[in-house]
Amino acid sequence: MSRFLIGIDLGTTNTVIAYADRELDESIQLFEVEQLVAPGEVATRTQLPSLRYHPNPGELNPTDLALPWSNEDPAGVPGAIIGSLARELGTQVPGHLVVSAKSWLSHRSVDRTADILPWGAADEVVKISPLAASASYLAHLRAAWNHSHPDHPLEHQEVVLTVPASFDEGARALTLQAAEQAGIPRLRLLEEPQ
């Protein structure tokens, strides 16, 4: 039996983790997610904006992107930024911000595994799939949790991930695939608003 019960809301706008500690029999708490909030500045927030920023080569120094853990992007984009700083930079440099990956994941009129995001970006901007973007948010959560709880890795806990009732079987399968790519191979999907 895992020590923690974890719920993840992989949202269109923000992603959140709530958890309960079985040993301490505490009430449900929000997990404070470490993330970049300014170049070179890491802070915790109860929400991880579901956003990615793809900088131009040389736009930021590698030290500006350092997190307390190994920062490997499942999408393979060098220097990609997830969360609060992505939102900030995306308002300054249009066309480099991946938004609404969850909505794209359920969009049946596009190939949800194709590199289409940021939508409408110039050719020189690196693009990724809605699947890869979703995996990157989950991978960030996993890394932040594991950094905070090294003796109780997220992938060894009981995890529930919410999905909208409107998700078709394809979107559900892609959500499970994103979780697996993020290193969370075992979890249960729970239909919102349950």
- Message: As a quick check of understanding, evaluate side chain to side chain contact (heavy atoms under 4.5 Å, CB included) for L141 and V33, giving each step before the final call.
- Response: CA-CA 7 Å; L141 291 179; V33 183; 3.8 Å; yes
- Message: Using the rule given for side chain to side chain contact (heavy atoms under 4.5 Å, CB included), can you reason through N146 versus E155, listing the C-alpha separation, both sets of side-chain angles and the distance that settles it, and then say yes or no?
- Response: CA-CA 9 Å; N146 289 353; E155 60 272 22; 3.0 Å; yes
- Task: Show your working on side chain to side chain contact (heavy atoms under 4.5 Å, CB included) between D151 and R3 and close with a plain yes or no.
- Result: CA-CA 10 Å; D151 294 333; R3 175 169 174 174; over 6 Å; no
- Message: What verdict does the side-chain hydrogen bond (donor to acceptor under 3.5 Å, both in side chains) test give for E158 and S2, after you've listed the backbone C-alpha separation in whole Å, the side-chain angles of each residue and the deciding distance to 0.1 Å?
- Response: CA-CA 6 Å; E158 187 173 335; S2 68; 4.6 Å; no
- Starting from the C-alpha separation in whole Å, work towards a yes-or-no answer on side chain to side chain contact (heavy atoms under 4.5 Å, CB included) for L48 and F31. CA-CA 10 Å; L48 176 72; F31 176 65; over 6 Å; no
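Taking every heavy atom of both residues into account, A165 and E191 meet most closely at CA-CG, 3.5 Å. Shown here for A139 and A182, the closest heavy-atom pair between the two residues is N-CB, 3.4 Å. Of all heavy-atom pairs spanning A75 and I128, the tightest one is CB-CG2, 3.8 Å. Minimum interatomic distance between P74 and A135 (heavy atoms only, all atoms of both residues): CG-O, 3.9 Å.
To the nearest 0.5 Å, the span separating CG on L187 from CG on L161 amounts to 5.5 Å. Note that CD of Q92 is 9.0 Å distant from CD of E59, once rounded to the nearest 0.5 Å. Note that the CG atom of L190 and the CD1 atom of I8 stand 12.5 Å from one another [nearest 0.5 Å]. Once rounded to the nearest 0.5 Å, the distance linking CZ of R22 with NE2 of H152 reads 12.5 Å. Of the inter-residue distances, the one linking I184 atom CD1 with Q157 atom CD reads 11.5 Å to the nearest 0.5 angstrom. In this structure, W104 CH2 and W119 CH2 are separated by 4.5 Å, a value rounded to the nearest 0.5 Å.
For residues 154-182, no residue pair satisfies the ring pair (Phe, Tyr, Trp, His ring centres under 6.0 Å) rule, not counting sequence neighbours. Applying the side-chain hydrogen bond (donor to acceptor under 3.5 Å, both in side chains) definition to pairs two or more places apart or across chains, those involving residues 94-103 are K102-E192.
Checking side-chain atoms of Q35 against main-chain N and O of Q47 turns up a donor-acceptor pair under 3.5 Å. With R142 contributing its side chain and G183 its backbone, the two residues share a donor-acceptor pair below 3.5 Å. Judged purely by atom type and a 3.5 angstrom limit, K127 has no side-chain atom pairing as donor or acceptor with the backbone of G120. Checked by atom type and distance alone, the side chain of N61 never pairs as donor or acceptor with a backbone atom of T63 at under 3.5 Å. Under a 3.5 Å cut-off, the side chain of S148 and the backbone N or O of A144 do not form any donor-acceptor pair.
The neighbour count for Q29 CD, taken as heavy atoms of other residues, nucleotides or ligands under 6.0 Å away, is above 12. Shown here is I28, whose CD1 atom has no more than 12 heavy atoms of other residues, nucleotides or ligands within 6.0 Å.
With no hydrogens or angles considered, a side-chain donor-acceptor pair links R52 and S136 at under 3.5 Å. One side chain, D9 or T162, offers a donor N or O that lies under 3.5 Å from an acceptor on the other. For T113 and S129, the side-chain atoms include no donor-acceptor pair closer than 3.5 Å.
Residues S50 and T13 form no side-chain contact, since every pair of their non-hydrogen atoms from C-beta on lies 4.5 Å or further apart. Between I116 and P130 the shortest side-chain heavy-atom distance falls below 4.5 Å. Between S134 and L174, the closest side-chain pair of non-hydrogen atoms is not below 4.5 Å.
Both L176 and L138 belong to a single network of hydrophobic side chains, linked directly or stepwise wherever heavy atoms of I, L, V, M, F, W or Y lie under 4.5 Å apart. By the rule that hydrophobic residues join a cluster once side-chain heavy atoms approach within less than 4.5 Å of another member, V16 and L10 end up as members of separate clusters.
Hydrophobic cluster membership of V93, counting Ile, Leu, Val, Met, Phe, Trp and Tyr whose side-chain heavy atoms lie under 4.5 Å apart directly or via other members: L36, V42, L51, Y53, L60, L65, L67, W69, I81, L85, L89, L97, V99.
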